[in-house]
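Okay, so here's the structure we're looking at.
Just so we're clear, the structure is a prediction, and the values are computed from it rather than from any experiment. Both ligands and their constituent atoms are indexed starting at 1 by order of listing. One-based numbering along the sequence shown.
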Amino acid sequence: MPLAHIRPLSGYAVTVTRPSTARIALNRPLRRLFDYLIPDNLSVSPGQRVKVPFGRQILTGLVVETGVTPPGHVTLKPILDIHEPWPALPDTTFHLLSWASDYYQHPLGECLFTALPPALRKGRPSQRKQEVHWVASDASAAELPSNAHRQKQLLNTLQASPGLSTSELVQAGFTRSQLRALQDKALIHQADATTPAQTHSPTAAPPPKLSGAQTTAAEALPSSTNRFQAALLYGITGSGKTELYLHFLKQKLQEGQQALILVPEINLTPQTLARFRQYFGSRIVAWHSALSDGERLDTWLRIRNGEPVILIGTRSAVLLPFTNLRSIIVDEEHDSSYKQGDGFRYSARDVAVYRAHVNHCPVILGSATPSLESWHNARQGKYTLVRLEQRAGKAKPPEVSLLDIRSRPLEAGLSRPTLSAIRDTLNRGEQALVFVNRRGFAPIMMCFDCGHMEECPRCDTRLTYHRRDRAMRCHHCDFQKASSNHCPKCQSDNFKPVGQGTERTEDVLAEHFPETPVVRVDRDSTKRKGSIQSILEKVNSGAPCILVGTQMLAKGHDFPNVTLVAVVNADGGLFSVDFRAPEQMLQTLLQVSGRAGRGAKPGKVLIQTCHSDHPLLKALCHGNYAQLAEQLLADRKAGDLPPFRAMAVLRAESDTMQRSLQLLDSIKPMMAVEGIEIWGPLPAVIARKADRHRAQLIVCSNNRKRLNRVLSRLCQYLDQSKLPANTKWIIDVDPQETG
Ligand code: ADP
Ligand code: ZN
Ligand code: ZN
């Protein structure tokens, strides 16, 4: 169904005298646009998809401007055709992306194309495919055979969240044949997408009554959906931030309006999605990387079409062509996954705030551990700080203590007091969570006779031992090889794992607690589709178990029966060269601690460390992030670091370190401008990755505009200069990593 009813937006008023030329952006890493003639029979406006000849190819381009005067004496080729008569990118989205292109120094063409679904990028037609949505019928599950566990789960899922689509259910680990089986038994049926009742009347239980603290917080949130206002919702873990978001949207968002909720990773928090569906039914739409091209096109068209959806999505959702966006929420705003790590390196959180500006609508940034950037903005009065420092319901904040493990006997990294705390927890019929910051069995394999350590042949790193599949793997490139019991250098069998990974902790816990299920949650154990969902189901059943895992466990989960959190080693981030490391470490520790005691039973957190007198760890015990943030901000100010200054990193990589350093050295004089400070060039901490030698130059300024101008000039210069062979450069504005 074409979007026939989309009218040209005000910014695109059709000019009376038809412009005869158009400036077009292509999906190429080129910092330039291309001029074409507009044939008389075509009407073309900015944001529109067109077909243009490019060399011997025909490419899809996006119109940036019309009526431009091309540089003299060039013969322009004509645009061949338009894809559709309406602009794929409406004016606010277009403006947003142009701004982001300039801010992040990324070529406009690639930025604009990021906002299109893959099908439209490839030049396919904007035809909408109808997705099948499902609802449970009013029959009872008693008709299912007792061994049809998955069918029962599927039915329960649809009863709790009516309107899920086939692909969303497949994504959650169910199969099409399970759907067919339930449909044949008339236990479920296809939702009629055209029935408005289905779209807007969820079957949910009424929302919980907001607590006193929640009510106070709710009153401090933005009051109108018609003007820009940014709020930082600092709500401790378990304070019920999700409830506040729901309440805000229920109160403020009108029937026909669109809203956007950004989350770091959707698959890790199916509960959040289910909660939103309970309140808003099929008005809730999900956007994430696991969707198929067809699903993306479908959702993209609904958004572009102005349907009043509430979109819950990951990073790239912030770039979608909303036409009536009236509220933005960024959940877990501190999460580093909001920053794109390659290509167009934007921060979805920061783009969200700018988008709210452009749209004149409110934005709420929520976190128990706000980023120092947002905390600083709140202190300066740019954002309203809304504090919610009580847990919801009967839950109390957990009691956090440090356990000094210097000269304590450890068993695969676990001290006796930790093991006995786990035992006590299980004896009470409760669950324990053990946090380890490495996946695999052990981060090092070392020979105790000759001292040899297994290293990646392509990177300056050690190989991680993965015992489950007898492999040695590099976590920085795709190198792997079979593991061996002997030292490859001296053949000694005194070749042993050193340090802790999740697999090793899982093994030692399974040995200690043979009666209790030990569930490992890391990137390896959750690779299979639906595996995270079945793990979460198991934990949410409440039966005693031990969860072992990486930061995946720190992300927003609500496990009411977890009452103990043990952190195997807290010291990783304390002494890193990266200036963000302490902030990130404390955020992870507080988030993972926040999984303890979220239900009626009190929670306890044990943090094993060799630095129990470290002031940051001591402050962590009081669980007061506000205080920690103040302390960290003071350190940033003393070091003249962001958020007190703007920063960008220029990275170079090549076949040799010399070439990388040379390139950076050669551009350094170009940036020697007053008010710009340059550090480096220096080799990166992991100087060689996948056989590429990496160096970096850090650029800072008190004046963001000036930094932006210098960087723009630099990009233009680099684009036009001939680089040494096999050498690449990138710019990262507001970098998350500076190692
Ligand atoms: P956060 O995201 O702030 O860590 P959640 O939104 O996950 O916290 O809420 C934590 C728990 O508290 C959830 O189980 C939620 O259902 C419950 N909860 C939230 N608000 C209330 C309330 N007003 N009354 C009772 N329970 C609540
Ligand atoms: Zn050896
Ligand atoms: Zn490697």
Subject >> Pairing of Asp732 and Arg651 as salt bridge, 4.0 angstrom limit >> reply: yes
Original post:
Can Glu333 and Arg349 be counted as an ion pair, charged N to O under 4.0 angstrom?
Top reply: yes
Original post:
Arg275: heavy atom below 4.0 Å from ligand 1, yes or no?
Top reply: yes
**OP:** Write out the residue and atom name of the closest protein heavy atom to atom 20 (N) of ligand 1, then the distance separating them to 0.1 Å.
**Re:** Gln214 NE2, 3.0 Å
Subject >> Geometric cation-pi criterion Lys250 and Tyr245, 6.0 Å radius, 45° cone >> reply: no
Original post:
N/O to N/O below 3.5 Å, does that happen between Gly240 and ligand 1?
Top reply: yes
Original post:
Can you list the atoms of ligand 1 that are under 4.0 Å from a heavy atom of Arg598?
Top reply: 1 (P), 4 (O), 5 (P), 7 (O), 8 (O), 10 (C)
Original post:
Charged N to carboxylate O under 4.0 angstrom, Arg438 versus Glu503?
Top reply: no
Subject >> Lys604/Glu430 under salt bridge (charged side-chain N to carboxylate O under 4.0 Å, His left out): CA gap, chis, key distance, verdict >> reply: CA-CA 12 Å; Lys604 204 168 133 174; Glu430 296 160 10; over 6 Å; no
**OP:** Under 4.0 Å, heavy atoms only, figure out whether ligand 1 is touched by the backbone of Ser239, its side chain, both or neither.
**Re:** both
Subject >> Side-chain ion pair, Glu630 and Arg379, N-O less than 4.0 Å >> reply: yes
Original post:
Is Glu653 salt-bridged to Lys689, cutoff N-O under 4.0 Å?
Top reply: no
**OP:** Please state whether the rings of Tyr465 and Phe441 are parallel, tilted or perpendicular, taking 30° and 60° as the class boundaries.
**Re:** perpendicular
Original post:
Looking at Arg694, Arg692, Arg688, which one forms a salt bridge (charged side-chain N to carboxylate O under 4.0 Å, His left out) with Asp460?
Top reply: Arg688
Original post:
Can you list the ligand 1 atoms lying under 4.0 Å from a non-hydrogen atom of Ser211?
Top reply: 23 (N)
Subject >> Salt-bridge present (Arg473, Asp478; N to O < 4.0 Å) >> reply: no
**OP:** Using a strict 4.0 Å threshold on nitrogen-to-oxygen distance, state whether Lys555 and Glu265 make a salt bridge.
**Re:** yes
**OP:** Could you please compute the angle at the Zn ion (ligand 2) from SG of Cys490 to SG of Cys487, rounded to 10°?
**Re:** 110°
Original post:
Would you say ligand 1 has an N or O under 3.5 Å from any N or O of Lys209?
Top reply: yes
**OP:** Between Arg391 and ligand 1, find which residue part has any heavy-atom pair under 4.0 Å and reply side chain, backbone, both or neither.
**Re:** neither
**OP:** May I ask you to list the atoms of ligand 1 that are less than 4.0 angstrom from any heavy atom of Asp558?
**Re:** 11 (C), 13 (C), 14 (O)
**OP:** Tell me which part of Thr237 gets within contact of ligand 1: side chain, backbone, both or neither, using heavy atoms under 4.0 Å.
**Re:** backbone
Subject >> Nearest non-hydrogen protein atom, atom 2 (O) of ligand 1 >> reply: Thr242 OG1, 3.7 Å
Original post:
Measuring from the heavy atoms of Gly238, does anything fall under 4.0 Å of ligand 1?
Top reply: yes
Subject >> Flag, side chain of Asn561 to backbone of Ser541, donor-acceptor distance under 3.5 Å >> reply: no
Original post:
Among protein heavy atoms, which lies nearest atom 21 (C) of ligand 1, and at what distance?
Top reply: Ala392 CB, 3.6 Å
Subject >> Heavy-atom pair with the smallest gap, counting every atom of Gly238 and Arg598 >> reply: N-NH1, 3.3 Å
Original post:
Backbone or side chain, does Cys447 get an N/O/S atom under 2.8 Å to the Zn ion (ligand 2)?
Top reply: yes
Original post:
Which protein N, O or S atoms lie under 2.8 Å from the Zn ion (ligand 3), given by chain and residue number?
Top reply: Cys456 SG, Cys459 SG, Cys474 SG, Cys477 SG
